[in-house]
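Chain letters run A, B, ... following the sequence lines, proteins first, then strands; residues in each count from 1.
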Amino acid sequence: MSNTTSRFLDGPASEVAPQLLGCIIERTLPTGTILRGRIVETEAYDQTDTASHSYKGKTPRTEIMFGPAGHLYVYFTYGMHYCCNVVTGPSGYGAAVLIRAVEPLQGQEDMALRRSRHGRELTNGPAKFCQAFAIDTSLNGHDLQTPPLKLIVPLERRGEIVQTTRIGISTAKDVPWRFYYRDNPYVSKTNS
DNA sequence: TGCCTGATGTTCT
DNA sequence: GAACATCAGGCAC
């Protein structure tokens, strides 16, 4: 990945989130297996936002969010799930984009082994995606320009983007910072 | 189809 | 000690 492709990650999370749609996540497992997926759903969070982990300032847990853009922020939640974010914005500003869902492109069989599920159930949710791609806190702070987890920006991105309020949170529910591809079966769910 | 709840541990108050 | 950017299974309708 070149500097040119990563530059857009320096922008505000709410502007980066829709631009991440259509980007490719490439995961190299310790076994050498390559997994690839296309991002189809994201949510933006930043330090002005009460629903964001960075809202209350930098802590040992959230310091990655305040670091340079293009790194991975992985956190553990609900006692059993991981979620992964792409850090955005300038260093010192706590912002990131949650990857909520991807469309599997390569390595579906390997994902199914970890998920014990098939089809859209492989990756249609933030914790599901992390499980399918074997992402945990050992990758917290990882630079997405290098293996074993790379973000690839394609020349062309297809799909109609829908912008709505976020889901799965208890505060700031009215902030319209969720973005997804309309009618894509791998999106976690549509707003009701 | 849709609501309810248990699982389970890290972080912060 | 409570909250939590979740998921899956069970049960009622």
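In this structure, A:D46 contributes its side chain and A:A13 its backbone to no donor-acceptor pair below 3.5 Å. Not a single donor-acceptor pair under 3.5 Å links the side chain of A:R100 to the backbone N or O of A:E41.
With sequence neighbours excluded, the residues forming a side-chain contact (heavy atoms from CB on, under 4.5 Å) with A:P154 are A:C23, A:R157, listed by chain and number. For A:Y181, there are no ring pair (Phe, Tyr, Trp, His ring centres under 6.0 Å) partners, not counting sequence neighbours.
Across residues 37-63 of chain A, A:Y45, A:A51, A:H53 each have a non-hydrogen atom less than 4.0 Å from an atom of DNA chain C (numbered order). A heavy atom closer than 4.0 Å to some atom of DNA chain B occurs in no member of residues 13-22 of chain A.
At most 12 non-hydrogen atoms from other residues, nucleotides or ligands lie less than 6.0 angstrom from OH of A:Y55.
A:R115 and A:Q131 form a side-chain donor-acceptor contact under 3.5 Å, judged by distance and modelled atom types alone.
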ask   = For A:Q47 and A:F66, what are the C-alpha separation, side-chain angles and deciding distance, and is it a side-chain contact (heavy atoms from CB on, under 4.5 Å)?
value = CA-CA 9 Å; A:Q47 64 181 45; A:F66 291 84; 3.4 Å; yes
request  = Go through A:R166 and A:D49 one step at a time and tell me if the salt bridge (Lys or Arg N to Asp or Glu O under 4.0 Å) criterion holds.
outcome  = CA-CA 12 Å; A:R166 295 170 296 184; A:D49 165 19; 2.6 Å; yes
query = Can you check side-chain contact (heavy atoms from CB on, under 4.5 Å) on A:R178 and A:I169, steps first, answer last?
reply = CA-CA 12 Å; A:R178 175 173 178 240; A:I169 55 176; over 6 Å; no
request  = Start with the C-alpha distance between A:L122 and A:V102, add both sets of side-chain angles, then the distance that settles side-chain contact (heavy atoms from CB on, under 4.5 Å), and finish with yes or no.
outcome  = CA-CA 9 Å; A:L122 285 176; A:V102 308; over 6 Å; no
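To the nearest 0.5 Å, the span separating CD1 on A:I39 from CD1 on A:I25 amounts to 4.0 Å.
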ask   = Can you give the dot-bracket line for DNA chain C, using ( ) for pairs inside the strand, [ ] for pairs that cross earlier ones, | for pairs with another strand and . for unpaired bases, where Watson-Crick and G-U count if both distances are under 3.5 Å?
value = ||||.|||||||.
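Between A:P148 and A:H142, some side-chain heavy-atom pair lies under the 4.5 Å cut-off.
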Tabulated below should be each protein N or O lying under 3.5 Å from an N or O of nucleotides 6-9 of chain C; please produce it.
{"unit_1": "C:dT6", "atom_1": "OP2", "unit_2": "A:G168", "atom_2": "O", "d": "2.3"}
{"unit_1": "C:dT6", "atom_1": "O2", "unit_2": "A:H81", "atom_2": "NE2", "d": "2.6"}
{"unit_1": "C:dC7", "atom_1": "OP1", "unit_2": "A:P126", "atom_2": "N", "d": "3.2"}
{"unit_1": "C:dC7", "atom_1": "OP1", "unit_2": "A:A127", "atom_2": "N", "d": "3.1"}
{"unit_1": "C:dC7", "atom_1": "OP1", "unit_2": "A:K128", "atom_2": "N", "d": "3.4"}
{"unit_1": "C:dC7", "atom_1": "O4'", "unit_2": "A:H81", "atom_2": "NE2", "d": "3.1"}
{"unit_1": "C:dA8", "atom_1": "OP1", "unit_2": "A:R115", "atom_2": "NH1", "d": "3.0"}
{"unit_1": "C:dA8", "atom_1": "OP1", "unit_2": "A:R115", "atom_2": "NH2", "d": "2.8"}
{"unit_1": "C:dA8", "atom_1": "OP2", "unit_2": "A:K128", "atom_2": "NZ", "d": "3.3"}
{"unit_1": "C:dA8", "atom_1": "O3'", "unit_2": "A:R117", "atom_2": "NH2", "d": "3.4"}
{"unit_1": "C:dG9", "atom_1": "OP1", "unit_2": "A:R117", "atom_2": "NH2", "d": "3.1"}
{"unit_1": "C:dG9", "atom_1": "OP2", "unit_2": "A:R117", "atom_2": "NH2", "d": "3.0"}

